[in-house]
Amino acid sequence: MHVPATLVRGGTSKCWLFDEAELPTSVSDIEALLVNAYGAADPVQLDGIGGATPTTSKAAVVRPSGTPGVHVDYLFAQVGIGVGRVEWGSNCGNCATAIALWSVARGLVPVSGDRTRVVLRNTNTGAVLEAEVDTPHGQVTEFGTQTVPGTRAGGVAVGLTFLDPAGGTTGALLPAGEVVEEWEIDGLRARVTMIDAGAPMVLLDAEGLTGAENLREMGDLVGPLRRFRHRAAERMGLTSPGAAVNDAVPKVGIVGPPRAYRTQLGDEVAAAEHDVSVRMLSMNAPHPAIGLTSAVGVAVANLLDGSVVRSASSAPGATELRIATAAGVIAVTSGDLTTSGPRRVTVRRAARILCAADIVVPESIPA
């Protein structure tokens, strides 16, 4: 089977984008196709197009939207690594950045001046996002100079805004009803904030941890953090006791006050250059930077009295928050504040189309 697709870098992720018209009609058949195309059952995804890391084993199925005011609908897929399945329960802001550029380049959205507005709807969660793609002099460009923490490579600048991000998955900003709870799991004591903004997540202020751990140290924490994630999933109503484990949601991470550190690329970051330290998991691996949906949740939590983010932040309650990640500092801006949270949360990103391909997909999973 031959399937056309386009590989696009969005922020710090790579995402294969598929035109819905080129794929099977059922989600189960799409899942089977992606599992085969990516070589998902292989932990190194050698015989497939997957990148064998959570940030490079992503896909999205895209179509023109029939929803008034929305240009593009997309179904996001987090393709398994070493497991022959796909997680459908989340959204990805970095892939949304890629989809925005691709939609303009493909003509799904007509170019309009120096910046072209694209409104996207994530059909997994119902989240609506607004992107502004740089189209200088009314032209779609292949290259750009906008950079993001986590790579020195430039790309086409894309401003990505999450619209009304609170409660998109669970229906409530605080699905468990409390801003903070105190837990102890396997000897690890932590204050936790469970929030649904951008995506459901559980953020920990844990004893003995700083939020500035390096990726090796985070790797040692995957087991404990997964257990916090699984308890949070039940508390947030995302799963029931005894149900199959889903490691896509809620997101899970550690927060702490600002502190000087060195990024994975070797850059020195002073404590004065950021407001809060955050380290997240992506599925079952340390995130090399931070997912945009997670960044949104951290920024919204900074606005909540008593949250673990606000308690650790040097800018508590600020609408502009500088989040220190293993890759560097990302700035997030919240706007149009209401009693239920901000109506708009914006992050500056970059994207680049890497290739258009004809993927040769096995008809069945190899033995």
Side-chain angles (χ1 to χ4, degrees), residues 4-19 55-56 58 60 62-65 69-74 76 91-122 127-163 265 267 289-293 295-296 299 319-320 322-323 325 327-336 343-357:
T6 306
L7 182 62
V8 188
R9 175 175 73 84
T12 52
S13 293
K14 289 198 288 188
C15 194
W16 282 99
L17 305 183
F18 298 83
D19 186 330
T55 55
T56 58
K58 298 181 176 184
V62 189
R63 70 182 182 215
S65 180
V70 178
H71 297 114
V72 173
D73 288 340
Y74 69 96
F76 171 67
N91 186 16
C92 175
N94 278 317
C95 283
T97 302
I99 294 163
L101 174 62
W102 180 84
S103 298
V104 176
R106 288 279 295 246
L108 273 68
V109 180
V111 174
S112 56
D114 290 336
R115 289 185 180 85
T116 298
R117 178 174 173 266
V118 182
V119 181
L120 311 98
R121 184 173 68 97
N122 170 243
V128 178
L129 304 92
E130 180 181 275
E132 276 198 345
V133 180
D134 271 18
T135 49
H137 310 294
Q139 300 294 318
V140 181
T141 57
E142 293 183 332
F143 303 99
T145 58
Q146 177 74 31
T147 59
V148 297
T151 175
R152 302 198 193 283
V156 176
V158 180
L160 189 68
T161 298
F162 291 73
L163 304 178
L265 293 178
D267 298 325
I290 189 171
L292 295 197
T293 52
V296 169
T319 55
E320 293 190 12
R322 299 169 301 167
I323 302 170
T325 77
V329 178
I330 178 174
V332 185
T333 303
S334 301
D336 296 345
R343 301 289 305 277
R344 302 173 64 87
V345 181
T346 301
V347 188
R348 292 296 297 174
R349 303 309 278 167
R352 190 169 81 82
I353 295 174
L354 303 177
C355 75

Exceeds 12 heavy-atom contacts within 6.0 angstrom, atom CZ of R343: no

Closest heavy-atom pair and its distance - [X], [Y]:
X	Y	answer
L160	A131	CD1-CB, 4.0 Å
A299	S334	CB-OG, 4.1 Å
V70	V119	CG1-O, 3.6 Å
G10	N94	O-CB, 3.1 Å
R349	L292	NE-CD2, 3.4 Å
G154	R9	O-NH2, 3.1 Å

Steps toward side chain to side chain contact (heavy atoms under 4.5 Å, CB included) verdict (S13, T55): CA-CA 5 Å; S13 293; T55 55; 4.0 Å; yes

Qualifying residue for side-chain contact (heavy atoms from CB on, under 4.5 Å) with F162, from L129, N122, V332: L129

Option passing side-chain contact (heavy atoms from CB on, under 4.5 Å) with L163 (candidates V345, V128, L120): V128

[X] side, atom [atom1]; [Y] side, atom [atom2] - distance, nearest 0.5 Å:
X	Y	atom1	atom2	result
K14	C95	NZ	SG	12.0 Å
L7	R352	CG	CZ	9.5 Å
I330	T12	CD1	OG1	8.0 Å
Y74	N91	OH	CG	3.5 Å
E130	E132	CD	CD	6.5 Å
E320	T346	CD	OG1	10.0 Å

Listed partners of L265 passing side chain to side chain contact (heavy atoms under 4.5 Å, CB included), at least two apart: R152, T263, D267

Check: G138 main-chain N/O paired with T135 side-chain donor or acceptor under 3.5 Å: no

Side-chain touch Q146/D134, heavy atoms, less than 4.5 angstrom: no

Hey, can you pull the donor-acceptor pairs under 3.5 Å for the side chains in residues 96-103, sequence neighbours left out?
{"residue": "T97", "atom": "OG1", "partner": "G93", "partner atom": "O", "Å": "3.0"}
{"residue": "W102", "atom": "NE1", "partner": "T6", "partner atom": "OG1", "Å": "3.3"}
{"residue": "S103", "atom": "OG", "partner": "I99", "partner atom": "O", "Å": "2.7"}

N-O pairing of R63 and D19 below 4.0 Å: no

Partner residues of R121 under the salt bridge (charged side-chain N to carboxylate O under 4.0 Å, His left out) criterion, sequence neighbours left out: D73

